[in-house]
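For reference, positions follow the sequence shown, starting with 1.
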Amino acid sequence: MKVLLYGGTFDPPHNGHLNNLRAAAARVQPDKVVVMPAGLSPFKQKTSAPGALRLEMCSCFHALEEDADTIPQLEVSGWEIEQAAAGNRNYTVLTVEKLARDYPGAQLYLAIGSDMLLSFDGWHRWQDILRLAHLVVTSRHMGDDPELHAKALRLDPTGARILFAPVQALPMASSDIRTRLTAGEGCEAELPEAVRAVIRREKLYKKEVSANEPQTGKGACAQPLER
């Protein structure tokens with residue numbers, strides 16, 4: 001059994017996230033996908049939308065199940081949000097260890113963006129993550145493949161634990177979307193209707209976004225290459 005984990009702040013989730021996950025799943029062909037919104041990332045001090053609403057907005061990922069050949073089963077899990085509510089920090093290695101317990105004997109995969117690969121050896125217990133799961137890297141910027149492959153070989157000289165999903169750069173970032181939502185834009189091209197419905201109902205992202213907000217994990221997202 002193959003289980004693919006896709007985590008992130010998802011503040012809010014947008015079409016770039018869906019495209020990244022679609023690309024990673026097409027590369028791996030998993031039996032199950034677990035989408036895991038973070039409670040509180042170790043790299044960030046807070047989120048704009050509370051965990052419960054980010055979890056609800058992540059229901060948009062279920063649209064990917066329409067392509068049953070690529071994603072036959074998808075679960076949106078609130079485990080990391082529950083951990084944060086209990087006062088625990090979110091570290092990816094703890095989530096991967098949980099999945100290893102939940103699915104003994106399964107092959108685990110972790111979908112990440114190219115910027116995350118370049119900083120991966122700064123993650124908490126990154127060696128254990130790589131021991132427990134394969135990385136599936138979706139490239140977020142055109143022309144960065146040589147740097148990515150060099151980094152992958154430094155992290156894993158065997159070349160067996162890090163996979164690359166063929167993608168095409170699609171500039172889209174949650175931080176920019178939040179700023180545009182604050183300015184009154186609808187962001188119809190970037191946000192699934194299920195996400196925009198929650199934003200309208202809860203009047204999210206009305207407060208001004210701080211110019212000093214950390215930029216870790218943001219930037220261009222990706223979509224699968226046309227075949």
Side-chain angles (χ1 to χ4, degrees), residues 2-10 13-38 41-44 58 61 64 67 70-71 74 80 90-97 99-100 106-175 215-227:
K2 296 180 180 179
V3 179
L4 173 63
L5 171 65
Y6 186 47
T9 308
F10 302 130
H14 52 65
N15 289 327
H17 292 132
L18 271 69
N19 283 328
N20 277 346
L21 178 53
R22 187 184 294 111
R27 176 67 176 83
V28 173
Q29 296 294 311
D31 300 291
K32 181 170 184 174
V33 170
V34 179
V35 174
M36 186 88 71
S41 166
F43 300 107
K44 299 178 182 179
C58 282
F61 284 99
L64 298 177
D67 184 0
T70 301
I71 300 181
L74 185 144
E80 287 194 2
N90 284 166
Y91 289 108
T92 299
V93 66
L94 302 180
T95 302
V96 172
E97 288 177 337
L99 291 181
Q107 286 184 292
L108 302 181
Y109 296 84
L110 172 64
I112 64 173
S114 59
D115 57 339
M116 295 182 184
L117 179 67
L118 295 176
S119 62
F120 184 71
D121 48 0
W123 289 27
H124 183 60
R125 293 172 54 200
W126 67 269
Q127 297 95 333
D128 289 329
I129 298 175
L130 205 54
R131 175 178 55 83
L132 292 169
H134 292 76
L135 302 186
V136 186
V137 182
T138 54
S139 175
R140 293 185 172 207
H141 305 287
M142 298 300 288
D144 63 1
D145 283 353
E147 183 182 9
L148 290 179
H149 286 279
K151 181 70 173 187
L153 284 176
R154 288 196 297 272
L155 294 170
D156 174 34
T158 71
R161 306 296 295 178
I162 302 176
L163 312 175
F164 289 89
V167 291
Q168 180 178 349
L170 174 65
M172 194 176 296
S174 293
S175 56
Q215 295 300 304
T216 301
K218 300 184 176 68
C221 286
Q223 63 183 1
L225 287 170
E226 294 182 4
R227 296 182 181 274

Please give me the minimum heavy-atom distance between [X] and [Y], naming the atom from each residue.
X	Y	value
Leu64	Arg22	CD2-NH2, 3.2 Å
Phe164	Ala152	CZ-CB, 3.9 Å
Met172	Asn15	SD-N, 4.1 Å
Thr70	Ala26	CG2-N, 3.6 Å
Leu108	Val96	CD1-O, 3.8 Å
Ala38	Glu80	CA-OE1, 3.2 Å

Please tell me if the side chains of Val137 and Met116 come closer than 4.5 Å, counting only heavy atoms from C-beta onward.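 No; the side chains remain at least 4.5 Å from each other.
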Just wondering, do Lys2 and Leu4 contact through their side chains at under 4.5 Å, heavy atoms?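 No. Closest side-chain heavy atoms not under 4.5 Å.
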What do the steps show when you test Trp123 against Ile112 for side chain to side chain contact (heavy atoms under 4.5 Å, CB included), and what is the final call? CA-CA 12 Å; Trp123 289 27; Ile112 64 173; 4.1 Å; yes
To the nearest 0.5 angstrom, please state how far the [atom1] atom of [X] sits from the [atom2] atom of [Y].
X	Y	atom1	atom2	answer
Asp31	Ile71	CG	CD1	12.0 Å
Leu21	Leu74	CG	CG	6.5 Å
Glu97	Arg125	CD	CZ	4.0 Å
Leu153	Leu148	CG	CG	11.5 Å
Leu135	Trp126	CG	CH2	10.0 Å
Asn90	Met36	CG	CE	9.0 Å

Between Lys151 and Ile162, does a side chain to side chain contact (heavy atoms under 4.5 Å, CB included) hold up when you go through it step by step? CA-CA 10 Å; Lys151 181 70 173 187; Ile162 302 176; over 6 Å; no
Begin from the C-alpha positions of Leu117 and Leu155 and carry the test side chain to side chain contact (heavy atoms under 4.5 Å, CB included) through to its verdict. CA-CA 9 Å; Leu117 179 67; Leu155 294 170; 3.6 Å; yes
Strictly distance-based, threshold 3.5 Å: is any side-chain N or O of Arg161 a donor or acceptor partner for the main-chain N or O of Arg131?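 Such a contact is found between Arg161 side chain and Arg131 backbone.
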Tell me whether Asp156 contacts the main-chain N or O of Ala160 through its side chain, where contact means a donor paired with an acceptor under 3.5 Å.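 Looks like yes, one N/O pair under 3.5 Å.
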Aromatic ring pairing Phe61/His17, orientation class (parallel under 30°, perpendicular over 60°, tilted between):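 Rings of Phe61 and His17: tilted, 30 to 60°.
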